[in-house]
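Heads up, the thing below is written out as structure tokens.
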2 protein chains.
Amino acid sequence: MAQPKNVKPTESELEILQVLWSKESATVREVHEELAASKDVGYTTTLKLMQIMHDKGLVSRDDSSKTHIYKAIVSREKTQKHLLGKMINTLFAGSPAQLVMQALGNHKTSKDELNEIQNLLNTLKKQ
Amino acid sequence: MAQPKNVKPTESELEILQVLWSKESATVREVHEELAASKDVGYTTTLKLMQIMHDKGLVSRDDSSKTHIYKAIVSREKTQKHLLGKMINTLFAGSPAQLVMQALGNHKTSKDELNEIQNLLNTLKKQ
DNA sequence: CCATATTTACGATTTAATTCGTATAATAAA
DNA sequence: TTTATTATACGAATTAAATCGTAAATATGG
């Protein structure tokens, strides 16, 4: 598979993508270290998952040297957009505003972040 | 299982919960009709899923008459809160604000809804 | 009452996700 | 060069989700 059309990573794949997004590129070992820090999992499991992700076209792989180097192909934003849209539909009756209310109401947000949101809100209101 | 501790419905279970939340209570037949409207699925599949959900404690069942009547036990809000929190962690690096920006930026929102969000924002800013 | 329709129960299959053991190749260290 | 370490490849087992067929029980219409 070449290009990613269906951006639908599984739970475990998302964990790996998280690491790849934060690092730009990484080896299986590096990804695994991060995962193993918070989760009990074997090295070959991480390896296998990353191989599958490569087959699916979720990540690219440079295998010019023995230790392969992986990068995320699917972008964080695209994935966010897709999964968020899905959640809005299946859990918030299609209303992004409801989701926003729930997110702001239940989670701590800093002044700076609130201001950022305010700016976006101002822009949207003008349209 | 009696009380729902782990609020982690699967994809299909969420679809069924959506119907139950919107109706307050419903039979398998009623739920199935709704699902079948937008999806190709057999009656016994819906039945089986609802039985499993009952085993898991996601729904309650009144089986005093032949046709059983189901209600959601897990609340919409609790489920939203749980899954949203999870998404914020696994996909938005723990930042609810990022999620909000993404949601507002990518999805149409009405003036009324924007005002609602503005009100909440005002409240939060004062704290 | 009899035939038809509806419902639940239950088991089995299929598909996908996750996990890991073992073999083999490549590299590094001694 | 031999030994130990580190990688990948691959197959297989496990688990969970989703799907549906069939049988039995119950209700309904004629």
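Note on naming: letters A, B, ... go to the chains in the order of the sequence lines (proteins, then strands), and numbering restarts at 1 for each one.
- The shortest side-chain heavy-atom distance between R29(B) and T67(B) does not fall under the 4.5 Å cut-off.
- Listed nucleotides dA26(C), dT8(C), dT7(C) differ in distance to K66(B); the shortest reach to its side chain belongs to dT7(C).
- Here the nucleotide nearest the side chain of Q51(A), chosen from dT8(D), dT8(C), dT19(D), is dT8(D).
- Dashed line: the shortest gap from a side-chain N or O of Y43(A) to OP1 or OP2 of dT19(C) is not under 4.0 Å.
- Nucleic acid contact for T44(A): base, since at least one base atom lies under 4.0 Å from a heavy atom of the residue.
- No donor-acceptor contact under 3.5 angstrom links the side chains of Q51(B) and D55(B), judged on distance only.
- The only member of L47(A), L20(A), V59(A) that meets side-chain contact (heavy atoms from CB on, under 4.5 Å) when paired with V31(A) is L20(A).
- Proximity of residues 24-36 of chain B to DNA chain C (heavy atom under 4.0 angstrom from any strand atom) is restricted to V28(B), R29(B).
- As a whole-Å value, the separation of L49(B) CG from dC10(C) P is 16 Å.
- If you check every strand for non-hydrogen atoms under 4.0 Å, T10(B) touches sugar and phosphate atoms only.
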- Item | Audit row: D112(A), S110(A), side-chain hydrogen bond (donor to acceptor under 3.5 Å, both in side chains) steps and yes/no | CA-CA 5 Å; D112(A) 282 357; S110(A) 73; 5.4 Å; no

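- For dG11(D), its base sits under 3.5 Å from the side chain of K48(A) at one donor and acceptor pair at least.
- Between dT18(C) and T45(A), no contact under 4.0 Å exists linking OP1 or OP2 to a side-chain N or O.
- Within the nucleic acid shown, E13(B) has no heavy atom closer than 4.0 Å to any nucleic acid atom.
- E13(B) and K8(B) are not joined by a salt bridge, as no carboxylate oxygen comes within less than 4.0 angstrom of a charged side-chain nitrogen.
- Listed nucleotides: dA9(C), dT19(C), dT19(D). Nearest to the side chain of V41(B): dT19(D).
- The phosphate of dA18(D) has OP1 or OP2 within less than 4.0 Å of a side-chain N or O from S12(B).
- Taking side-chain N and O atoms only, R61(A) has a distance below 4.0 Å to OP1 or OP2 of dA9(D).
- Taking both residues in full, the closest heavy atoms of P96(B) and A103(A) are given as CB-O, 4.3 Å, listed atom of the first, atom of the second, then distance.
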